Amino acid sequence: MRMRRILGLALAAATFAGVSAVGAVGAQAASSPNITRDECTAAGGQVTARPYAGYVCAMPDGTMQAVT
């Protein structure tokens with residue numbers, strides 16, 4: 001009986017951790033879509049390079065988006 005309880009708690013914790021990770025990735029994808037260089041400059045942003053991370057668009061309001 002005690003073993004079932006421990007296994008049940010472990011399964012519940014693993015499920016919760018998996019759902020949390022998927023939710024975080026989905027939220028990141030929804031909040032930071034990639035844009036092109038042309039779209040960045042048209043919106044008043046500036047394309048800058050990050051070492052080992054590619055290019056980002058720094059928008060006038062302070063947000064940053066990955067550039068495709």
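Here the structure is a predicted model, which is why all the values come from computation and not from measurement. Residue numbers run from 1 in the order of the sequence given.
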If you compare all heavy atoms of [X] against all heavy atoms of [Y], which two are closest, and at what distance to 0.1 Å?
X: Val56; Y: Val67; value: C-CG2, 3.6 Å
X: Gln46; Y: Cys40; value: N-SG, 3.7 Å
X: Asn34; Y: Ala66; value: OD1-CB, 3.1 Å
X: Gly44; Y: Pro60; value: O-CG, 3.4 Å

Note to self: Could you check whether Asp61 and Thr63, counting side-chain N and O atoms only, form a donor-acceptor pair closer than 3.5 Å?
What the structure shows: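 Distance-only check passes for Thr63 and Asp61.
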Next item on the list: Please determine if Arg50 forms a cation-pi arrangement with Tyr55, meaning its NZ or CZ atom is less than 6.0 Å from the six-membered ring centre and no more than 45° off the ring axis.
Entry: no
Next item on the list: Measure the CE-CE distance between Met59 and Met64 for me, rounded to the nearest 0.5 Å.
Entry: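 If we round to the nearest 0.5 Å, Met59:CE and Met64:CE are 11.5 Å apart.
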